[in-house]
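Quick notes on the structure that follows.
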Amino acid sequence: MTETLILTEIEDGVALVRLNRPKAMHALNTALIVALMDALDVLDKDDDVGAIVLTGDVRAFAAGADIKEMQDASAVEMLQKDHIAPFDRIRKIGKPVIAAVSGWCLGGGNELAMSCDIIVASESAKFGQPEINLGVMPGAGGTQRLTRAVGKAVAMEMVLNNRTLSADEALHYGLVNRVVPVERYLEEARALAKEIATRAPLAIRAGKKAVNRALETHLADGITEERQSFYSLFSTDDQNEGMKAFAEKRKAKWKGK
Ligand code: DAK
């Protein structure tokens with residue numbers, strides 16, 4: 001029987017997506033990554049879902065790419081198979097994705113968390129890029145997103161010397177949004193997702209895309225794109241409703257149109 005690598009449930013407009021290889025600390029093998037991205041694609045198109053929470057379990061968010069799967073690969077095979085390529089599909093997800101991280105968040109696991117939009121960490125979360133211990137380096141955004149998040153000084157120590165950040169350090173350096181007690185990290189992530197899920201869906205998508213573009217483009221181009229998105233929202237029913245509701249001192253009712 002094949003393992004169910006991804007578990008999904010939907011409640012109150014929030015999809016909870018769990019990585020499910022607990023015996024391997026949710027190591028990201030190809031099958032798991034493809035199953036995860038397929039699940040996220042489906043949820044992105046589901047009108048009952050306004051936001052997504054991605055999590056592992058208390059011991060580990062994910063301990064990285066599956067070392068055993070790739071240990072015998074040659075450079076040519078790595079290039080041809082490109083195990084982690086499906087990983088990039090997360091960038092196309094339009095709905096907000098919140099990573100709820102507890103325990104180990106290492107290598108490709110940290111790269112996955114950083115590909116999400118918001119990170120809620122438990123006090124026991126530990127973040128690292130330990131690829132140097134395996135004779136390699138990060139390959140799924142770990143040198144790029146990490147450096148943009150925590151700055152060059154800390155990123156260099158993490159990538160070159162396997163420095164691991166505690167949850168509080170991760171908060172201090174701007175890698176995560178908030179740190180909460182272990183018993184509450186999932187509940188906190190779900191509550192945040194639930195709040196976001198009540199907001200105007202088209203504006204949420206546009207805002208997420210624009211913030212992410214800030215990490216990928218030059219300031220002038222980013223500002224131009226932002227302005228176009230801002231103006232285009234004036235063609236939506238939700239803009240009309242949101243501003244009318246403000247003027248009428250009532251709560252807006254969003255249609256996502
Ligand atoms: N891969 C495979 N199995 C793993 C694993 C991993 N990354 N991490 C843990 N496991 C497995 C262990 O082998 C063990 O399995 P059994 O021996 O029981 O069968 C089980 O999970 C429990 O682990 P431990 O017994 O080691 O548990 P401990 O509590 O003692 O230690 C640990 C937990 C997370 C500190 C330790 O397991 C550990 O150091 N794990 C490896 C962490 C690591 O090095 N992560 C980086 C992996 S490299 C690419 C782009 C990116 C990448 C790859 C390709 N391309 C563009 C193509 C990313 C690379 C990486 O992430």
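Just follow the structure's listing: the first ligand is 1, and inside any ligand the first atom is 1.
- Residue-ligand proximity, L134 to ligand 1, at heavy-atom distances under 4.0 Å covers atoms 44 (O), 47 (C), 48 (S).
- Note on ligand 1: L106 sits in its first shell, one or more heavy atoms being nearer than 4.0 Å.
- One finds a salt bridge joining E188 and R178 here, because a Lys/Arg side-chain nitrogen approaches an Asp/Glu carboxylate oxygen to under 4.0 Å.
- Using a 4.0 angstrom heavy-atom cutoff, E69 does not count as in contact with ligand 1.
- The closest protein non-hydrogen atom to atom 16 (P) of ligand 1 is K68 NZ, 4.0 Å.
- If you check the side chains of Q129 and N110, you find a donor sitting under 3.5 Å from an acceptor.
- Contacts between M78 and ligand 1 below 4.0 angstrom, taking non-hydrogen atoms only, involve the side chain exclusively.
- Here the heavy atom of the protein found nearest to atom 58 (C) of ligand 1 is A65 CB, 3.4 Å.
- Numbered from 1 in the order shown, with element, the atoms of ligand 1 that lie under 4.0 Å from a heavy atom of G108 read 60 (C), 61 (O).
- Of all atoms in ligand 1, listed by their number and element, those nearer than 4.0 Å to a heavy atom of M70 are 48 (S), 53 (C), 59 (C).
- Here the protein heavy atom with the shortest distance to atom 27 (O) of ligand 1 is M25 CE, 3.6 Å.
- Annotation: atom 4 (C) of ligand 1 to nearest protein heavy atom, A24 O, 3.9 Å.
- Heavy-atom proximity to P130, at under 4.0 Å, picks out these atoms of ligand 1: 43 (C), 44 (O), 45 (N), 46 (C).
- A salt bridge links D41 with R89; the closest basic N to acidic carboxylate O contact falls under 4.0 Å.
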**Report entry** Worked check of side chain to side chain contact (heavy atoms under 4.5 Å, CB included) between D66 and L28
**Finding:** CA-CA 5 Å; D66 191 319; L28 307 168; over 6 Å; no
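- A donor-acceptor contact shorter than 3.5 Å is absent between the side chain of E9 and the backbone of V17.
- Ion pairing between D57 and R18 fails under the 4.0 Å rule for side-chain N and carboxylate O.
- Salt-bridge formation is not detected for the pair E77/K81: no Lys NZ or Arg NE/NH1/NH2 atom is positioned less than 4.0 Å from an Asp or Glu carboxylate oxygen.
- For the atom pair L7 CG and L16 CG, the distance stands at 9.0 Å (nearest 0.5 Å).
- Less than 4.0 angstrom separates atom 18 (O) of ligand 1 from none of the non-hydrogen atoms of the protein.
- In this structure, K23 has a heavy atom closer than 4.0 Å to ligand 1.
- Counting non-hydrogen atoms of other residues, nucleotides and ligands closer than 6.0 Å to CE of M70 gives a total above 12.
- Summarising the contacts of atom 2 (C) of ligand 1 with D66, L28, N110, the nearest heavy atom is found in D66.
- Between D44 and R205 a salt bridge is recorded (basic side-chain N to carboxylate O distance below 4.0 Å).
- The number of heavy atoms from other shown groups lying within 6.0 Å of NZ (K194) does not exceed 12.
- The nearest protein atom to atom 41 (C) of ligand 1, hydrogens excluded, is given as I67 CD1, 3.8 Å; this is a heavy-atom distance.
- Scanning the protein heavy atoms around atom 55 (N) of ligand 1, the nearest turns out to be I84 CG1, 3.2 Å.
- One finds a salt bridge joining R250 and E241 here, because a Lys/Arg side-chain nitrogen approaches an Asp/Glu carboxylate oxygen to under 4.0 Å.
- Using a 4.0 Å threshold on non-hydrogen atoms, atom 10 (N) of ligand 1 counts as touching the protein.
- The G107 neighbourhood of ligand 1 comprises atoms 61 (O), with distances under 4.0 Å to a heavy atom of that residue.
- Within a 4.0 Å radius of atom 25 (O) of ligand 1, the protein contributes no non-hydrogen atoms.
- Against a heavy-atom cut-off of under 4.0 Å, A140 is close to the following atoms of ligand 1: 50 (C), 51 (C).
- Of all the listed residues (G142, G64, A63, A73), A63 holds the heavy atom that lies closest to atom 45 (N) of ligand 1.
- Inspection of the E225 and T217 side chains reveals no N or O donor paired with an N or O acceptor under 3.5 Å.
- Applying the side chain to side chain donor-acceptor pair (under 3.5 Å) definition to pairs two or more places apart or across chains, those involving residues 90-107 are R91-E216, S102-S122, S102-S124.
- Looking only at heavy atoms of the protein, atom 56 (C) of ligand 1 is closest to G139 O, 3.2 Å.
- Comment: K253 does not engage E248 in a salt bridge, judged by the lack of any side-chain N to carboxylate O separation of less than 4.0 angstrom.
- Within a 4.0 Å radius of atom 31 (O) of ligand 1, the protein has no heavy atom.
- Inside a 4.0 Å radius of atom 49 (C) of ligand 1 there is at least one protein heavy atom.
- Among protein heavy atoms, the minimum distance from atom 5 (C) of ligand 1 is reached at A27 CB, 4.0 Å.
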